[in-house]
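Scope of the values below: all heavy atoms of this structure, side chains included, with no hydrogens, waters or symmetry mates.
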Amino acid sequence: ESSPHLPAPKDVMVHSYNFRSLLRWSPVKVDRGLVLYTVHFKTAAFNQWDEMNCTRITQTECRFPWSLKQRRWTVYLRVRAELGQVTSDWVKTDPFVAERNTTVGPPKVNNVTVSSDSLLIRVTPPFGPGTGESLQYHVSYWENASTTKEETTTKNTLFKIGNLKEATLYCFRIQVELMTYLDPQLLGLQSIPECYRTKIS
């Protein structure tokens, strides 16, 4: 039976980065005894609560199981505190859809080949696109002494920024856009700017 004496977990939030998702909450403080937590999930398609791999755990986070890897599923989660035979009320999350609600990290810049008039950039995507998805890279670059930015977009992991001045310092940053059947698309975090000086021809 749920008890008014055992407070329910607070700050219950799904954290999702590059489709690696977990549920987190604040610990429930009691005077004595060890508080344990149990997490359940259900999907919009199947309206029945199921156990996740987090039953009577001491941690205040629970990773999504492999069975919840579908990025388009609408998932609901709930967590409660337990102390001996006493349990708190369940706390439910808002619906979570990974394809809409995950945070997309920046791509990894593997190498940059510098010439007198261009930068050839190779990146690794933050994750592999799923079925019916593709990734697009938004590149903004600028002469270090200038405030004017140029923009270019590509679907390739190897691309060139051309028509640059020689012996000039240029900076760029990249963000990934996840293109799906669903609108709106998901725009990722920008990478930290990297700067390179073009060569003298």
Which donor-acceptor pairs under 3.5 Å do side chains of residues 48-57 form with protein atoms, sequence neighbours excluded?
{"from": "E51", "atom 1": "OE1", "to": "T55", "atom 2": "OG1", "distance (Å)": "3.4"}
{"from": "R56", "atom 1": "NH1", "to": "E82", "atom 2": "OE1", "distance (Å)": "2.6"}

- Message: According to side-chain contact (heavy atoms from CB on, under 4.5 Å), who are the partners of T153, at least two apart in sequence or on a separate chain?
- Response: Q136, H138
- Item | Residue list, ring-ring contact (aromatic ring centres under 6.0 Å, His included) with F41, at least two apart or on another chain | none
- Item | Closest heavy-atom pair and its distance - G105, N18 | N-OD1, 2.8 Å
- Starting from the C-alpha separation in whole Å, work towards a yes-or-no answer on side-chain contact (heavy atoms from CB on, under 4.5 Å) for V39 and R78. CA-CA 6 Å; V39 181; R78 68 180 187 179; over 6 Å; no
- Message: Quick check for you: to the nearest 0.5 Å, what is the distance between I192 atom CD1 and C171 atom SG?
- Response: 13.0 Å
- Message: Surrounding CD1 of I200 (heavy atoms of other residues, nucleotides or ligands, distance under 6.0 Å), is the total greater than 12?
- Response: no
- Message: So, using side-chain contact (heavy atoms from CB on, under 4.5 Å) as the criterion, who are the partners of T43 when residues are at least two apart?
- Response: A45, F46, L68, W73
- Atom CG of N163 with >12 non-hydrogen neighbours under 6.0 angstrom: no
- Query: Is S118 reaching over with its side chain to a backbone N or O of K160, donor-acceptor style, under 3.5 angstrom?
  - Reply: no
- With clusters built from Ile, Leu, Val, Met, Phe, Trp and Tyr whose side-chain heavy atoms come within less than 4.5 Å, directly or transitively, what are the remaining members of the cluster of Y17, listed by chain and number? L189
- Task: State, yes or no, whether a side-chain contact exists between V176 and L178 at a heavy-atom distance under 4.5 Å.
- Result: no
- Message: Would you say V79 ends up clustered with L36 if hydrophobic residues are merged whenever their side chains have heavy atoms under 4.5 Å apart, either directly or through other cluster members?
- Response: no
- Could you tell me which residues satisfy side chain to side chain donor-acceptor pair (under 3.5 Å) with E143, sequence neighbours excluded, listed by chain and number? K165
- Query: Is there a chain of hydrophobic side chains (I, L, V, M, F, W, Y, each step under 4.5 Å between heavy atoms) that links Y196 to I161?
  - Reply: yes
- Task: Grab the two heavy atoms, one from P9 and one from V91, that are nearest each other, plus how far apart they are.
- Result: O-CG2, 3.3 Å
- Query: A167 and R197: which non-hydrogen atoms are nearest, and at how many Å?
  - Reply: O-NH1, 3.6 Å
- Under 3.5 Å, is there a donor-acceptor pair linking the side chains of N144 and S146? no
- Hphob cluster co-occupancy, F172 + L120, side-chain heavy atoms under 4.5 angstrom: no
- Query: Can you say whether the rings of F96 and F64 are parallel (under 30°), tilted (30 to 60°) or perpendicular (over 60°)?
  - Reply: perpendicular
- Please name the pair of heavy atoms, one in F19 and one in A98, separated by the smallest distance, quoted to 0.1 Å. CE2-O, 3.5 Å
- To the nearest 0.5 Å, atom CE of M179 lies from atom CG of L186 at 11.5 Å
- Query: Is the CZ atom of R122 crowded by more than 12 outside heavy atoms at less than 6.0 Å?
  - Reply: no
- Under the side-chain contact (heavy atoms from CB on, under 4.5 Å) rule, what do T93 and L23 come out as? Steps first, then yes or no, please. CA-CA 9 Å; T93 63; L23 185 70; 3.5 Å; yes
- Excluding sequence neighbours, so at least two apart, what forms ring-ring contact (aromatic ring centres under 6.0 Å, His included) with Y137? none
- Could you go step by step and tell me if S201 and S116 meet the side chain to side chain donor-acceptor pair (under 3.5 Å) rule? CA-CA 5 Å; S201 57; S116 62; 4.7 Å; no
- Note on the structure: d(S140 OG, E151 CD) to nearest 0.5 Å is 5.0 Å
- Audit row: V109, I121, side-chain contact (heavy atoms from CB on, under 4.5 Å) steps and yes/no: CA-CA 7 Å; V109 177; I121 301 165; 4.2 Å; yes
- With sequence neighbours left out, the residues meeting ring-ring contact (aromatic ring centres under 6.0 Å, His included) with Y170 are none
- Query: What heavy-atom pair brings L83 and L6 nearest, and what distance separates the two atoms?
  - Reply: N-CD2, 3.7 Å
- Message: Less than 4.5 Å apart, side chain to side chain, heavy atoms only: is that true for S134 and K155?
- Response: yes
- Heavy atoms from other residues, nucleotides or ligands near NZ of K42 exceed 12 (cutoff 6.0 Å): yes
May I have the list of side-chain donor-acceptor pairs in residues 124-133 shorter than 3.5 Å, sequence neighbours left out?
{"from": "T124", "atom 1": "OG1", "to": "N110", "atom 2": "OD1", "distance (Å)": "3.3"}
{"from": "T124", "atom 1": "OG1", "to": "N110", "atom 2": "ND2", "distance (Å)": "2.5"}
{"from": "E133", "atom 1": "OE1", "to": "R71", "atom 2": "NH1", "distance (Å)": "2.6"}
{"from": "E133", "atom 1": "OE1", "to": "G130", "atom 2": "N", "distance (Å)": "2.5"}

- Task: Could you tell me which residues satisfy side-chain contact (heavy atoms from CB on, under 4.5 Å) with S26, sequence neighbours excluded, listed by chain and number?
- Result: D11
- Quick check: does any side chain N or O of S191 sit under 3.5 Å from a backbone N or O of I174, one acting as donor and the other as acceptor? yes
- Item | Qualifying residues under side-chain contact (heavy atoms from CB on, under 4.5 Å), relative to L22, sequence neighbours excluded | H15, R24, E61, R63
- Is it true that W25 and V14 fall in one hydrophobic cluster, defined by side-chain heavy atoms closer than 4.5 Å? yes
- Rounded distance (nearest 0.5 Å) linking atom OG1 of T198 with atom CG of D117: 8.5 Å
- Message: Would you say that more than 12 heavy atoms from the other residues, nucleotides or ligands in this model lie under 6.0 Å from the NZ of K69, or not?
- Response: yes
- Message: Per the ring-ring contact (aromatic ring centres under 6.0 Å, His included) rule, what does the pair list look like for residues 141-169, sequence neighbours excluded?
- Response: none
- Apply side-chain contact (heavy atoms from CB on, under 4.5 Å) to the pair L119 and L164, showing each step before the final yes or no. CA-CA 8 Å; L119 301 176; L164 305 181; 3.9 Å; yes
- Can you name the nearest heavy-atom pair linking D89 to R80, along with the distance? O-CB, 3.7 Å
- Query: Once you round to the nearest 0.5 Å, how far does OG1 of T152 lie from CD of E150?
  - Reply: 9.5 Å
